[in-house]
Amino acid sequence: MNTITRTMPRPVRDRSLRHPAELLESGLIPPERLAAVEAVAARYAIAVTPEMAELIDPADAADPIARQFVPDPAELETTPAEMADPIGDRIHEATEGLIHRYPDRVLLKFVHVCAVYCRFCFRRETVGPEAPHLTPEALEKALAYIGAHPEIWEVVVSGGDPLVASPRRIAMLVQELARIDHVKIIRLHTRVPMVAPDRVTGPLVDALTAPDVTTWVAVHANHPREFTAGAGAALARLADAGIPLVSQTVLLSGVNDDPETMAGLMRALVENRVKPYYLHHGDLAPGTGHFRTTIGDGQVLMRALRGRVSGLCQPTYVLDIPGGHGKAPIGPNHFSEADGCLTIEDYCGGRHTYRSG
Ligand code: SF4
């Protein structure tokens, strides 16, 4: 029995708002919306951390923080294109909780709970307190699979949010992975530094690293207002420990789909030593149509970003191709070709002919 099998995950204990009645008491929903929010809660998990609740302006019906975390009756409206498993995790499930989609890396769903439940979550059908944690037996099988596949260079630890697990449990996982010779990179995907920054304690930061393996942390952030003093301090604790940080952002209608907000977000990331990595086009998760932009809108936004902010602040705009086909960059293109001649577009929209010979 390896060391991980001896410890079960620790339940999350905090003062987060998890029930419609608590949202009502906190003034985050009006009384006339309670019944509709209860209907959403019967299907999808709710959690709003104190830090995020504090950021919300209840008087602003379009508050971008509320839009991300406070349930909306529109979540019960699904479109024909939406699907329970929009990025095809199940198709590539090698062992329970372990997704082997690309040759050199796997994704391990370490826990199925989160500090917050995002209303647009692409795994909303599988995350939540009702869903089981990965069992010790399943984790042992996943580690055995990784150990038996020397082509696996990187393990992406996700969920749910792996940083809601206890430092002791995270440390055991990191050490188990570090013992596998061919695993060189551990990448943890998390929203915790932004939404529950006090969880990023010294013991948790210590738990993330081990000899003979390099740990990266991918931080999920969607709006500049998420960069509270607490979030800045949590990111600094990670960066000061020498852990490289990259970001993930979901393009969300009514949250960050305008150039000013997106530029502010990307600059805030870089100022906090987080390199913008992916801007995800909204996945076809059930009941998330009110968040999705068109890809054309996303390309216009990316063009605006290219002209507006430093190259350090440019994420790659990607689509997870429905059906489990992986991520693809979706532009925009800055060149076209005709009659053997390239036309390159500059950041102001000016067009220039380019000949290589
Ligand atoms: S933190 Fe990630 S996994 Fe959890 S609800 Fe938000 S998007 Fe989904």
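We count ligands from 1, going down the list as the structure has it; atoms in each ligand are counted the same way. All heavy atoms count here, side chains included; hydrogens, waters and symmetry mates do not. If you're wondering where the values come from, they're calculated on a predicted model, not measured in any experiment.
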In terms of side-chain heavy atoms, does [X] have a donor or acceptor partner in [Y] at a distance below 3.5 Å?
{"X": "Q68", "Y": "H223", "value": "no"}
{"X": "H352", "Y": "D346", "value": "yes"}
{"X": "Y102", "Y": "E154", "value": "no"}
{"X": "Y145", "Y": "H100", "value": "yes"}

Quick one: does NZ or CZ of R306 land under 6.0 Å from the six-membered ring centre of Y347, within 45 degrees of the ring axis?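 No.
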
Near atom 8 (Fe) of ligand 1 (under 2.8 Å) - protein N, O or S atoms: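 Near atom 8 (Fe) of ligand 1, below 2.8 Å, one finds C121 SG.
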
Just let me know how V250 lines up against ligand 1, side chain, backbone, both or neither, with a heavy-atom cut-off below 4.0 Å.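 It is neither part, as no heavy atom is under 4.0 Å.
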
Is the distance between the ring centroids of F110 and H133 less than 6.0 Å?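 Aromatic pair excluded; centres sit 6.0 Å or further apart.
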
Any heavy atom of V195 sitting closer than 4.0 Å to ligand 1?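 It does not, in that no heavy atom of V195 comes within the 4.0 Å cut-off of ligand 1.
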
Starting from atom 2 (Fe) of ligand 1, find the nearest protein heavy-atom neighbour and note its residue, name and distance.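 Looking at atom 2 (Fe) of ligand 1, the protein heavy atom closest to it is H220 ND1, 4.3 Å.
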
Could I get the full list of ring-ring contact (aromatic ring centres under 6.0 Å, His included) partners for F335, not counting sequence neighbours?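 None.
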
